[in-house]
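We number each residue from 1, following the sequence as shown.
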Amino acid sequence: MNVLATGGAGYIGSHAVLRLLRDGHHVVVVDNLFRGHRAAIDAVAKAAGEGAKGRFGFVQGEISDSGLVRKVMRDNAVDTVMHFAALTYVGESVNQPLQYYRTNTAGALSLIESAEACGVQRFVFSSTAATYGEPPADKVPIQETLAPAPINPYGASKLMVERLLSDFNTAQKAAGKPFAYACLRYFNVAGCDRSGALGEHHEPETHLVPIILQCLLGLRPQAENTLSIFGDDYPTPDGTCVRDYVHVEDLVDAHVTVMNALKPGDGRIYNLGIGNGLSVKQIVQSVERVTGMKVKTKIGPRRAGDPATLYADPGKIAREIGWKAKITNVDEIVASAWAWFKANPKGYAK
Ligand code: UDP
């Protein structure tokens, strides 16, 4: 297929692009490099090798620049959009909601309009478990039937795009035009490409696994490179928050599986997780097993908006299109991240 990957210079987008190229697809990336990395594009090109020459392009630009996006779509005969480009920090979204609605919601609207104008047939959208908000304990593991109730602008900005896609799909169907979409609700994505080609580089870094690894490498700005555990008085087995950590290669495998399964008229919503919850302390223990190093921790205050327990029921996507996470051992997830962080302590920065 001919895929436009927005945000292809980011963590998940770059892994998806490499996978698409390895599968023989044509891929063009549009990324404004606000938080993505030009070096990630170069790393993808290098890892994809000679065989991907002529099948991979990169354009620096905004998804809301419809003139540019439509030219890219037409020049590359794009039939599928994978839309990764977004702002993704919950805390930042609370402080700067309009920026989140502009980039995530209005940006996606513009992209969908361009997709319509250019006859794009498939749209795979990076959604989030943040659309569920803080589900009651008896609703975990979470099924897609749970009514979404986001508690921050980030989750709300993504949920609005789900609605846009649903309404647009209904209209396209009624007009007899071929279109299909999928919203993939990510749980906690972690790990790096196991060949070592690609990694994870966020600034600022807020995610648990990279923060712990940066502590071990002496790269955290805070004193003594100590992990602050955000609360140990939650109603969970060890008192720390429980999350569903899914390897980035499995996550992108789900995108490809969904893309290949979409039939005209489809509107699919799937959770992407492994279906198992691990606590913050269990992640720390995994890092200690994998690295053989001791992680310094302290108990800090709870972080606003963190539900105690959040993990997926990934049964729907397994039943409907046969996708299941393969890398279910957390040590393997952590080891893949550790390999990359050790080899690239500055991430993609020179
Ligand atoms: N967490 C923590 N200390 C940190 C960063 C994260 O205790 O420095 C916890 C956080 O409260 C949550 C889990 O680790 O329970 C995963 O957080 P992350 O930010 O990686 O992902 P989120 O669950 O917010 O999507």
Side-chain angles (χ1 to χ4, degrees), residues 11-12 15 90 129 134-135 137 140-142 186-194 196 199-202 204-251 271-314 324-345 347:
Y11 166 49
I12 297 167
H15 282 82
V90 168
E134 288 191 78
V140 180
I142 297 170
Y186 303 171
F187 282 67
N188 287 60
V189 189
C192 300
D193 173 67
R194 287 169 299 169
E200 175 169 18
H201 180 172
H202 296 114
E205 186 54 79
T206 62
H207 296 106
L208 182 63
V209 173
I211 285 180
I212 302 175
L213 299 180
Q214 289 177 345
C215 285
L216 291 181
L217 291 166
L219 298 169
R220 294 303 297 171
Q222 74 261 35
E224 295 170 18
N225 291 289
T226 300
L227 172 74
S228 177
I229 294 177
F230 297 150
D232 70 345
D233 56 353
Y234 284 94
T236 59
D238 66 20
T240 65
C241 288
V242 168
R243 296 287 181 274
D244 186 332
Y245 295 87
V246 55
H247 193 276
V248 66
E249 281 184 63
D250 272 332
L251 189 95
N271 289 335
L272 296 187
I274 70 170
N276 184 28
L278 291 173
S279 73
V280 175
K281 283 187 179 166
Q282 285 177 305
I283 296 293
V284 170
Q285 286 157 7
S286 169
V287 171
E288 291 183 336
R289 280 194 301 272
V290 166
T291 64
M293 296 165 80
K294 178 90 191 120
V295 178
K296 282 195 262 179
T297 62
K298 65 172 187 202
I299 304 302
R302 287 183 175 198
R303 186 172 67 178
D306 264 344
T309 303
L310 206 57
Y311 61 96
D313 177 342
K324 239 173 139 170
K326 296 187 187 79
I327 307 167
T328 52
N329 177 347
V330 65
D331 288 5
E332 197 179 339
I333 297 177
V334 167
S336 70
W338 179 232
W340 196 79
F341 276 87
K342 249 190 331 188
N344 304 275

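Under the 4.5 Å side-chain criterion, counting only non-hydrogen atoms from C-beta, Arg243 is in contact with Pro307. Side-chain contact between Leu216 and Asn225: absent, with no pair of heavy atoms (C-beta onward) separated by less than 4.5 Å. Counting heavy atoms from C-beta on, the side chains of Asp193 and Val248 never come closer than 4.5 Å. Between Val189 and Glu200, every side-chain heavy-atom pair lies at or beyond the 4.5 Å cut-off. Counting only heavy atoms from C-beta outward, the side chains of Phe230 and Cys241 never approach each other to under 4.5 Å.
Separation of atoms CG (Asn271) and CD1 (Ile142) is listed at 7.0 Å; rounding is to 0.5 Å. Atom CD of Gln214 and atom NE2 of His207 lie 12.0 Å apart (nearest 0.5 Å). Atom CG of residue Leu251 and atom CG of residue Asn188 lie 11.0 Å apart, to the nearest 0.5 angstrom. One distance of note links CD1 of Ile299 with CG of Leu227; it measures 8.5 Å at 0.5 Å rounding. Interatomic distance, Met293 CE to Trp338 CH2, rounded to the nearest 0.5 Å: 5.0 Å. Summarising the geometry, atom CD1 belonging to Ile229 is positioned 4.5 Å from atom OG1 belonging to Thr297; distances are rounded to the nearest 0.5 Å.
Between the side chain of Asp238 and the backbone N or O of Ser279, no donor-acceptor pair lies under 3.5 Å. In this structure, Asp244 contributes its side chain and Ala312 its backbone to a donor-acceptor pair below 3.5 Å. For the pair Arg194 (side chain) and Glu332 (backbone), a donor-acceptor distance under 3.5 Å is absent.
The shortest heavy-atom contact between Phe187 and Tyr311 is CE2-C, 3.6 Å. Heavy atoms only, all atoms of each residue included: Glu288 and Val295 are closest at OE2-N, 2.8 Å. Minimum interatomic distance between Lys298 and Thr226 (heavy atoms only, all atoms of both residues): N-CG2, 3.7 Å. For the residue pair Tyr245 and Leu278, the shortest heavy atom distance occurs at CE1-O, 3.7 Å. In terms of heavy-atom proximity, Ala337 sits nearest to Cys192 at CA-SG, 3.8 Å. Shown here for Val290 and Ala335, the closest heavy-atom pair between the two residues is CG1-CA, 3.7 Å.
The one candidate from Thr236, Leu310, Val280 that meets the side-chain contact (heavy atoms from CB on, under 4.5 Å) condition with Val242 is Thr236. Test Ile212, Leu208, Thr240 against Val284 for side-chain contact (heavy atoms from CB on, under 4.5 Å) and you get one pass: Ile212.
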*asked:* Could you go through Thr291 and Lys342, starting from their C-alpha distance and side-chain angles, then the distance that decides it, and tell me whether this counts as side chain to side chain contact (heavy atoms under 4.5 Å, CB included)?
replied: CA-CA 10 Å; Thr291 64; Lys342 249 190 331 188; over 6 Å; no
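The pair Glu249-Lys326 does not count as a salt bridge, with every side-chain nitrogen at least 4.0 angstrom from each carboxylate oxygen. In summary, Arg289 and Asp331 engage in a salt bridge, as defined by a charged side-chain N under 4.0 Å from a carboxylate O.
Around NZ of Lys281, the count of heavy atoms belonging to other residues, nucleotides or ligands within 6.0 Å exceeds 12.
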